[in-house]
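Given the structure is predicted, the values throughout are model-derived calculations rather than measurements.
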Amino acid sequence: MGAMDTTNTLHERERRAALWLLLALVPGLWLWRLAATWLNGAGLFVDEAQYWDWSRELAWGYFSKPPVLAALIRVSTALGGDGLAGVRWLVVGLWTLIPVVLWRLCWEMLSERAAELSPRERLLGGAWAAALASACLVFALIGEVATTDGPLLLSWALLMWLFWRAQQAPERLGRWLLWGAVLALGVLSKYTAVAAVGSALWLALRLRDARIWRGLLLAGAVCALLLVPHLAWNHAHGWPTLRHTAELLSAQGNQDRVAPASAAALYLVSQLVVVGPVVLVLALRWAWGLRRAPRGLGGVAAQGVGARVSLVSWAWCWAWPIWTVGFVQSLQGKGEMNWPAAATLGLALTLALWRVRLASPLRWRGPWLAILLGAAVGGVISLAGDWRDHLGMQGPGSRWDLWSRARGWDAAFEAMAPQIAQHPQATLVADERAVIAHSAYAWRAQGWRPLAWQQGPVPSHHYELLHPWQLPAPGVNAPPVLFLASREEALTPTLRAAYPRAQLLYSHPAPGRAMFLWLLERP
């Protein structure tokens, strides 16, 4: 019996319960996360400030990321303004839609392959999938900011759902066309989406249906066609996005590289953090319960397409391949904590199916508790500030504050704005990506953006690629320069030799956000 057929048999009380949980997931968590970003008192992270700056010059690609996030922020700020909430509200909203997609997917899976369950149990199984995803710590924390992970994970959830639907009727080519289009959208959000192909290919091998292979080939062709504009942009600019991604995955030039064994251990610990304590505790509890009194769940003995793969195996397939790739990448010496975050969706779906298999009855209070605990844990971490203050510990820096890297930027640049306004003929220059991105956001009303001093033969970030500045040749009558930096040693002997007259116009007094402004002139 199909999912739409069983909906009519639900009691009105169950529909109301599902509606209330849905309201908690979407507008509820959306407003809570936006409120948390405002209450913590911090500004944008450097990547967010850069994405905002990109959104003012839409293109088919950028130095380090594909174009979807910049386009989303363009829409977000057009509707909500350039303030903190205006930059974040749309992407934060995407995070609240992801669990809803998982809810629908789990409902359809149980409706197609677990006919022994009542409609109420199928609905609650989907609710658990949504609640578990929301309770993951990556949702609670990264779900508060505007990063590429939001559109990536939404694309990943849609790929899971659409693949399930396509495998149920693999002869319907329209479903595979849609799968290819969503895959392209995911890749244009973050290249990590390519890992979803590994899950799809593994399932195709297990399902042993030639129509699925034909569908995937068609989807691949659609995806490749839709990626042509992005690839053309990369080709025109020397393939910066692909080169940056390759360097990131190989940890090339990274001074934080550690021995492979240590890097692998750190990666495993980081993924436990990504999942978070709420989901980990539930997973351990249910794993123990399944050892003692599991309840059967249809799937393995079912007839038709997909019968060779159990529901749990199907769900888990959307987690283990990307986690494996992330583990192998970590052996290069530097694992990326959030790179395999999409695996949490396969994990949430797997654990929801585990919960359905338990002999204990399903109740609405379970998903509610998971959602509320996940929000509470995320809120405590987000709003607590520097944890050393609470633990009575002393230490340099502010790394124990989740938002430390987003604090103080706007105040520093706003304080030096009067000095910059007094030298309208000077060229504004900086040597750090973070300084350029944050200053462009802080000075958005004035329309100022420093040029990037490119000191190497190859651009190392977006601003060196598209907004570079190089030292003028000796003897050239060059205009004065306002040089902006976050450290005193940035005024190097090379720069002093090119501009013998250097005057420090401003130094920001805040110890947590040092900033210096020099006026550089030639005699």
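Here the CD1-CH2 distance, from I371 to W128, works out to 9.0 Å after rounding to the nearest 0.5 Å. For the atom pair NZ of K190 and CG of L69, the computed distance is 10.5 Å after rounding to the nearest 0.5 Å.
No side-chain donor from either of W52 and T77 sits under 3.5 Å from a side-chain acceptor of the other.
In this structure, the side chains of P340 and V325 stay at 4.5 Å or more apart for every pair of heavy atoms.
Judged purely by atom type and a 3.5 angstrom limit, S439 uses its side chain to pair as donor or acceptor with the backbone of I436. Of the possible polar contacts, one joining the E48 side chain to the F45 backbone as a donor-acceptor pair under 3.5 Å is found. Formation of a donor-acceptor pair under 3.5 Å by the T350 side chain with backbone atoms of W316 is found in this model. Proximity of a side-chain donor or acceptor of W161 to a complementary backbone N or O of R104 within less than 3.5 Å is not detected.
Note on ring orientation: taking the six-membered ring where Trp is involved, the planes of W318 and W156 are perpendicular (angle over 60°, cut-offs 30° and 60°). The aromatic rings of H462 and W54 are tilted relative to each other, their planes meeting at an angle between 30° and 60°.
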Inset, instruction - Could you please spell out the steps behind the salt bridge (Lys or Arg N to Asp or Glu O under 4.0 Å) verdict for E14 and R120? - result: CA-CA 7 Å; E14 304 301 332; R120 179 181 181 277; 3.1 Å; yes
Inset, instruction - Show your reasoning for whether salt bridge (Lys or Arg N to Asp or Glu O under 4.0 Å) applies to R433 and D47. - result: CA-CA 9 Å; R433 177 181 70 100; D47 287 342; 3.0 Å; yes
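A side-chain hydrogen bond (donor to acceptor under 3.5 Å, both in side chains) with D53 is found for one member of Y62, Y463, Y441 and no other, namely Y463.
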